[in-house]
Visitor: 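For reference, the structure I am asking about is given below.
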Amino acid sequence: MTQSKVQQDRLDKLAKIRELGVDPYGQKFEGQGAAVAVRAKFEAIDPKLPVGEKTTDSVRVAGRIMLYRDIGKLIFMTHHDASGKIQVALSKRELAEKDWNLGRLLDLGDLIGVDGPMGLTKTGELTVWGRSLTLLAKSLVPPPEKWHGLTDVELRYRQRYVDLFANPDVAAVFKKRSAIIDHFRRYLADRGFLEVETPMMQAQYGGAAAKPFTTHHNALDIDLFMRISPELYLKRLLVGGLERVFEINRNFRNEGISTRHNPEFTMMELYQAYGDYEDMMSLTENLVATAAEAVCGSTKLPFGNTELDFAPPWRRATYAELLREYAEVDMFDMPAVRAAAKARGIEEAKLADEVVINNLFEATVEPHLVGPIFVKDYPAALCPLTRRDPKDPRLALRFEAYVARMEIANAYTELNDPAVQEANFRQQLKGQEETMAVMDEDFVNALQHGMPPAGGLGIGIDRVIMLLTNSASIRDVILFPLMRPEAKGEVRTEKDEANA
RNA sequence: GGGGGCGUAGCUCAGCCUGGUAGAGCAACUGACUUUUAAUCAGUAGGUCUUGGGUUCGAAUCCCAACGCCCUCACCA
C-alpha cells in the first residue's frame, strides 16, 4: 500500500464526515490548553468521585488525538493540547447518533473538541466523558509511530511541525527557551535597560570577525549585508544618551554549520554606560544562574555526561594564566609561544604574533574550559573594539565566558577613544581571514561626539539554551535550523524570478 | 573541503558480513468487544530496498559514482 492509499482512506472518511453534515475543518472552539485546567477543576470539585459517577459540571477540551482505543460501544482517546494530555471517552449510549458516527470516523492526529462531565475510570484515570463532539480539523496524514515518535533527525528538522506534536520533549525545550528569554528581558528591564532594535541589513558590517551574507536593495540599487553583529549600532545609542540598552535578535554569519553553529543565531547584546567588563561578568553569571533557577529549578544542571553548576561566582582566570597552565608558556615570550605552537603542529611562520597566541590558546586551553569560567584580559591586538588595560597596554579589557567548551559570552570594557578606534580599524593582522578591524567612519565620528565609558556584553542565546536544556546540538534549540532544500519539488530561486 | 557512518513499508527497525528475488511491530483496512491505558483478539492489505552505473546466471546484500542526512576534523579569532 502506498502513502496515497493510506491518505485515500482518510479522504474517504473526510467524504463520509461531510455526508454526516459535519464541516471537517471546524471553527472557533473554547477549551484550548484545558488539559491541565480540567485536572485542577476535578481536584477542586471532588477528587474521590466514585467510579461510574460523573461531575455535574461540564468541561471543554480542544486538541489532538494521539491514541485511539475503540472497544465497541465505547471509545477512549488520549487527547493532547498545549498544556498536556487527558483521556477523553465517547460512549454510544450517551452520544447523539450523529456524534457517535463521527467518533467512529476519527483518526489519530485529528483535532477535536469535546464537551462533557468528568469522571474516574476503574483504574483511576481522569476522563472527560463526551456529551458532544466537534471535529476541528481532519488530519490526512498518519502521524509518526506512537511508541518511538519521530526519531529521524532530518525529518524532525524539516517537518518540525510533526516533531513538535509527536515528541513532547521537543515542545518542552522550546517552552523553556521562551521562558529563559523572557527571564532575560525582565531581568534587564528591572535594571533600567531599554530594549531596542537596530538594523539587520547594513551597508557596512562590523562588530565581529565573520563572513557576511550579502543581499541587494533594488530601489536604491545597493548591496547590503545581513548583520554579523549589532555592536556598532548599539554603541551609537550610548553616544545618543540611551545609557542602558539591549537587543535580542538574529545575527547572520556565512560560515560552517555544526552542532554549535547555525548561520542565523540569536544574540543578546547589551551596553551599560559608565560600567566596565567587571560589571559584565557579574551580570553574565547572575543572568544565567537566575534563569537556571527560575526555569529549570536549580543552578546545578546535567549536560551530557557532566553536571554544570551555574551558581556565582564563576571562576575568573586571565588568558595568560590559562596559557601558562595548559600550554606551559609565557604569553609575552614570543619565541617560546612560537616554539610551543610549532611543537604541536600549529602553523605559525607566516602569522602575526597575536594570531599564533590565539591559535595556541584554542588548541591547548579551550578543550579544558568546562567551566563556567571567565577568560579575561586578551592580547590587545585581537580586540580592536576594546579598551586597553591602562596598567598593561598589551592587554585588552575583554572576557569570554566558556561553559562546556563553548563560548557563550563575549564582553568588553568598551573603547571610547576615537583616535585609538580609528587606528585599530586600520591595523590588520597577518593570518586572520576575517577581522573586526573594518573601517567604519561614521562610527568613529560618533565616538568623536563622546561615548561614555561603558561595559558591553554579548550572550549567545542559543548556546545558553542548549546548556540549560541539556541539548547536544544547536539544532535542537532552533525551531527551523538551516537545511539544504530538498531536491524534489520545485524550489523557487532567484534565477526563476529572473526568468519569470 | 578531508575522514567515518547511515539511507529498506506512512513511522520505528531487522535482513547486508556469508548474493538466491522482502520481514517484524506500530499505523491502515474488515470483524468482535461499554472502563481501555502502547487496549486485546481474529483476519486482510501494504515495498521502483535513495538514485544511476558495474560485477554476477542472479544484487536490498559486493564494487563505483551521485544525492541527502548524522558524527568528526578543518573553517568559524
Side-chain angles (χ1 to χ4, degrees), chain A residues 1-10 12-13 51-52 66-79 85-95 100 107-109 119-127 129 139-159 162-163 166-167 208-211 228 251 253-263 265 319 347 351-352 354-363 366 378-379 381-384 398 400 406-407 410 429 431-437 472-473 475 481 483-488:
Chain A
M1 194 190 291
T2 62
Q3 166 73 357
S4 66
K5 175 70 173 74
V6 175
Q7 289 192 20
Q8 190 56 50
D9 288 335
R10 288 184 176 228
D12 291 346
K13 286 184 184 171
V51 175
M66 298 305 287
L67 295 170
Y68 182 95
R69 297 177 288 276
D70 174 359
I71 58 169
K73 296 182 180 65
L74 200 55
I75 298 167
F76 290 97
M77 291 174 281
T78 304
H79 176 275
K85 59 185 178 181
I86 190 148
Q87 176 162 272
V88 166
L90 302 176
S91 164
K92 184 174 185 183
R93 196 187 294 150
E94 294 174 13
L95 273 183
W100 175 251
D107 285 308
L108 292 180
L120 295 173
T121 65
K122 64 184 180 186
T123 52
E125 180 84 24
L126 176 59
T127 301
W129 290 87
S139 165
L140 298 176
V141 185
E145 212 247 10
K146 63 187 178 188
W147 305 352
H148 304 91
L150 188 65
T151 63
D152 181 296
V153 287
E154 181 180 354
L155 264 184
R156 285 187 45 225
Y157 299 144
R158 287 193 193 281
Q159 300 188 17
V162 178
D163 189 31
N167 299 327
K211 296 186 190 73
I228 57 173
N251 286 350
R253 296 187 184 175
N254 205 340
E255 288 154 0
I257 295 172
S258 79
T259 49
R260 274 145 298 176
H261 301 84
N262 194 62
F265 63 99
Y319 197 94
E347 167 83 34
L351 306 184
E354 291 80 4
V355 177
V356 176
I357 294 172
N358 196 50
N359 290 346
L360 183 65
F361 184 91
E362 286 180 1
E366 273 194 8
Y378 278 62
L382 294 172
C383 316
R398 170 187 189 177
E400 291 190 351
M406 283 194 296
E407 178 198 335
N410 181 20
L429 295 181
Q432 266 189 328
E433 267 196 51
E434 299 300 329
T435 173
M436 279 189 232
S473 170
R475 297 176 147 196
M483 305 281 283
R484 186 182 296 279
E486 284 179 291
K488 52 187 169 188

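Here is the naming used below: chain letters follow the sequence lines, and residue numbers restart at 1 for every chain.
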Visitor: Counting the atoms with a prime plus P, OP1 and OP2 as sugar-phosphate, which does A:Arg10 contact under 4.0 Å by heavy atoms, base, sugar-phosphate, or nothing?
Guide: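 No contact.
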Visitor: Can you check whether any acceptor in the base of B:U36 is under 3.5 Å from a donor in the side chain of A:Thr121, or vice versa?
Guide: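 Yes.
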Visitor: Regarding A:Asp70, tell me which of base, sugar-phosphate or nothing describes its non-hydrogen contacts under 4.0 Å with the strands shown.
Guide: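 Base contact.
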Visitor: Which is true for A:Lys146 with a 4.0 Å heavy-atom rule: it touches a base, it touches only sugar-phosphate, or it touches nothing?
Guide: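 Sugar-phosphate: the residue A:Lys146, judged by heavy atoms under 4.0 Å, touches backbone atoms but no base.
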Visitor: Does B:A39 have its OP1 or OP2 closer than 4.0 Å to a side-chain nitrogen or oxygen of A:Arg69?
Guide: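 True: A:Arg69 side-chain N/O within range (under 4.0 Å) of B:A39 OP1/OP2.
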Visitor: Classify the side chain of A:His261 versus the base of B:C76 as yes if they form a donor-acceptor pair under 3.5 Å and no if they do not.
Guide: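 Looking at the base of B:C76, it does pair with a donor or acceptor on the side chain of A:His261 (distance under 3.5 Å).
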Visitor: Just checking, is any N or O donor in the side chain of A:His148 or A:Thr151 under 3.5 Å from an acceptor N or O on the other one?
Guide: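 There is no such pair (donor and acceptor under 3.5 Å, judged by atom type) between the side chains of A:His148 and A:Thr151.
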Visitor: Taking the C1' atom of each, how far is B:G2 from B:U56, in whole Å?
Guide: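 The same atom, C1', in both gives a distance of 34 Å.
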Visitor: Give one of base, sugar-phosphate or nothing for A:Thr259, where a contact means two heavy atoms less than 4.0 Å apart.
Guide: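 The answer is sugar-phosphate, as A:Thr259 gets under 4.0 Å only of primed atoms, P, OP1 or OP2.
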Visitor: Touch check for A:Lys85, heavy atoms < 4.0 angstrom, all strands: base, sugar-phosphate only, or nothing?
Guide: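 Contact class for A:Lys85: none.
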Visitor: Under 4.0 Å between any heavy atoms, over every strand shown, what does A:Leu108 touch: base, sugar-phosphate, or nothing? Just pick one.
Guide: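 Sugar-phosphate: the residue A:Leu108, judged by heavy atoms under 4.0 Å, touches backbone atoms but no base.
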Visitor: When all nucleic acid strands are considered with a 4.0 Å heavy-atom cut-off, which category describes A:Ser91: base, sugar-phosphate, or nothing?
Guide: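 The residue A:Ser91 makes base contact.
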Visitor: Assign A:Ile75 to base, sugar-phosphate, or nothing according to its heavy-atom contacts below 4.0 angstrom with the strands shown.
Guide: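 No contact.
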Visitor: Using the P atoms only, state how far B:G19 lies from B:G10, rounded to an integer number of Å.
Guide: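 To the nearest whole Å, 29 Å.
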